[in-house]
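Notes for the one structure printed next.
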There are 2 protein chains.
Amino acid sequence: MTEFLDKLKWDKNNLVAVIVQHVDTGEVLMQAFADRAALNETMQTGLATFYSRSRGGRWCKGETSGHFIQVLKVFTDCDRDSLIYLSDPIGPACHTGARTCWFKEVELSAPAAGAEPAVHTEGDHTHGEHVPRTTLLALEATIAARREALKQPSDGSKPSWTARLLSNPELLCKKVREEAGELCQTLEASEGRERAASEMADLLYHAMVLCNLQGVSMEEVLRVLRQRERQSGLEEKAARAPKPAA
Amino acid sequence: MTEFLDKLKWDKNNLVAVIVQHVDTGEVLMQAFADRAALNETMQTGLATFYSRSRGGRWCKGETSGHFIQVLKVFTDCDRDSLIYLSDPIGPACHTGARTCWFKEVELSAPAAGAEPAVHTEGDHTHGEHVPRTTLLALEATIAARREALKQPSDGSKPSWTARLLSNPELLCKKVREEAGELCQTLEASEGRERAASEMADLLYHAMVLCNLQGVSMEEVLRVLRQRERQSGLEEKAARAPKPAA
Ligand SMILES: [Zn+2]
Ligand SMILES: [Zn+2]
Ligand SMILES: [Zn+2]
Ligand SMILES: [Zn+2]
Ligand SMILES: [Zn+2]
Ligand SMILES: [Zn+2]
Ligand SMILES: [Zn+2]
Ligand SMILES: [Zn+2]
Ligand SMILES: [Zn+2]
């Protein structure tokens with residue numbers, strides 16, 4: 001532990017940068033700094049602890065708000081001046097009450113040739129947030145926006161495929177079963193990698209629409225998977241460990 | 001644009017911190033700094049550009065290695081001293097050739113009460129990397145490790161469920177279809193949110209095993225979803241835009 005701390009590249013204020021990342025969703029939640037004491041405490045308590053330059057001292061996130069951040073794993077970067085706390089947060093990470101500290105999007109002025117223009121979906125604007133969404137979370141937000149839009153009177157335009165699925169559970173279930181079959185088919189008929197990726201995307205999307213209808217978020221699904229993985233990891237460890245002497 | 005730059009909280013070296021995140025997988029790829037010129041260039045070219053303190057100047061990532069990073073969206077944090085470049089990287093982000101700069105894991109010495117102990121799977125060690133893996137990527141790595149292990153002679157221990165699925169495509173396809181049906185069932189029979197989350201987890205896991213068998217990564221699947229989302233976003237925009245005058 002001391003050895004590890006000695007190897008870090010502390011800046012002239014004796015700090016390293018710390019990025020807090022959500023273990024299930026991958027969201028970057030906050031960025032702060034840690035000194036030796038803060039890092040030591042994080043490792044020992046499993047709760048994200050930092051050094052506050054403004055307060056001039058150690059600061060355990062959540063000690064006043066109750067919004068602690070449980071740190072599951074710690075990683076250091078190639079030149080050892082920046083850490084990632086891979087974490088399971090209790091409540092919002094930002095002092096403003098936002099889930100993550102990054103909630104303002106900068107509009108890229110002139111999309112360059114080859115660069116993708118920033119396509120804002122309804123959803124981004126209706127709930128007033130511009131957070132960095134990875135593909136899975138962006139798709140989930142789009143589905144949620146389509147569902148919100150269904151509550152408004154129709155503007156007469158042709159409903160999107162997602163809207164049709166959301167308003168027809170029978171069609172949706174038929175599609176989920178069908179897409180599962182098509183994914184299996186790619187293996188059974190050796191249809192190739194590209195087709196398999198495309199069918200997996202189909203299945204995932206339709207299953208996510210079904211989850212939305214039931215109020216289930218991908219975060220919850222991923223949490224279930226993490227807890228199972230942890231359980232099976234522990235069981236495997238136990239099975240392989242030499243029997244205790246007594 | 002100038003207005004936005006004026007609002008940022010530049011440090012005494014006239015820099016802001018920049019975190020580069022992979023849009024599809026959510027991986028935190030690298031951390032660096034940007035001055036006004038670098039940020040301007042990033043916004044205009046759509047390629048991640050930084051200020052290098054060691055070189056003392058502007059630095060477009062990839063200009064020597066070819067490993068450019070395409071920046072799709074830019075976000076700023078609550079106190080405007082840190083940016084996220086939500087990105088699609090071309091090749092590895094780290095100068096060492098690693099996918100991400102964080103590839104060293106710190107073993108949490110004494111797991112605290114309530115904290116989850118660090119459970120290392122085979123996979124983490126066989127390919128020699130300790131990268132921060134979110135739940136989806138961790139599950140994918142576990143499945144890959146089970147597949148690797150199948151290439152070794154059996155040690156006589158009972159094979160894991162994943163190993164059984166991997167070595168029996170018929171069983172695997174049967175399970176994928178079955179799990180899709182069980183997920184639909186949660187909606188059809190109103191089995192409740194918790195059950196829906198659990199069945200979605202079942203389906204996702206089994207479908208990921210099937211993807212592994214075909215050499216398809218979740219990154220590829222997510223890329224397909226992003227490209228479709230972009231396409232449908234553009235189509236919707238076009239459909240809603242007033243017809244051009246000429
Ligand atoms: Zn570094
Ligand atoms: Zn904040
Ligand atoms: Zn916008
Ligand atoms: Zn939001
Ligand atoms: Zn399909
Ligand atoms: Zn900040
Ligand atoms: Zn690096
Ligand atoms: Zn280890
Ligand atoms: Zn099931």
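Convention: sequence-line order gives letters A, B, ...; per-chain numbering from 1. Model, not experiment: these values are computed from the prediction. Scope of the values below: all heavy atoms of this structure, side chains included, with no hydrogens, waters or symmetry mates.
The contact between B:H95 and chain A is made entirely by side chain atoms (from C-beta outward), counting heavy-atom distances below 4.5 Å. Proximity to chain A is limited to the side chain of B:L203, based on heavy atoms less than 4.5 angstrom apart. With a 4.5 Å cut-off on non-hydrogen atoms, A:T186 touches chain B through its backbone and its side chain both. Residue A:D81 does not touch chain B at all, counting heavy-atom pairs closer than 4.5 Å. For A:L187, the parts sitting under 4.5 Å from any heavy atom of chain B are the backbone and the side chain alike. Of the atoms belonging to B:Q214, heavy atoms from both backbone and side chain fall under 4.5 Å from chain A. Residue B:L222 touches chain A through both its backbone and its side chain, counting heavy-atom pairs closer than 4.5 Å. When heavy atoms are compared at a cutoff of 4.5 Å, B:T96 approaches chain A solely by way of its side chain, counted from C-beta outward. For A:L210, the part lying near chain B is the side chain, with the backbone staying farther off; criterion is any non-hydrogen pair under 4.5 Å. No part of B:R223 comes within reach of chain A, as not one of its non-hydrogen atoms sits under 4.5 angstrom from that chain. The contact between B:L183 and chain A is made by backbone and side chain atoms together, counting heavy-atom distances below 4.5 Å. Neither the backbone nor the side chain of B:S160 comes within contact range of chain A, judged by heavy atoms closer than 4.5 Å.
Contact check on B:E178 versus A:R177 returns no salt bridge, with no Lys/Arg side-chain nitrogen under 4.0 Å from an Asp/Glu carboxylate oxygen. Checked for salt-bridge contact, B:D88 and B:K73 miss the test: no charged N lies under 4.0 Å from a carboxylate O. Between A:E182 and A:R195 there is no salt bridge, since no side-chain nitrogen of the basic residue lies less than 4.0 Å from a carboxylate oxygen of the acidic one. Taking a cutoff of 4.0 Å between a charged side-chain nitrogen and a carboxylate oxygen, B:K175 and B:E170 do not qualify as a salt bridge.
The environment of CD in A:E188 is crowded: more than 12 heavy-atom neighbours from other residues, nucleotides or ligands sit within 6.0 Å.
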side-chain hydrogen bond (donor to acceptor under 3.5 Å, both in side chains) between A:R226 and B:T134, worked out: CA-CA 9 Å; A:R226 172 162 54 91; B:T134 54; over 6 Å; no

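A cation-pi contact links A:R53 to A:F33, judged by a cut-off of 6.0 Å to the six-membered ring centre and 45° from its axis.
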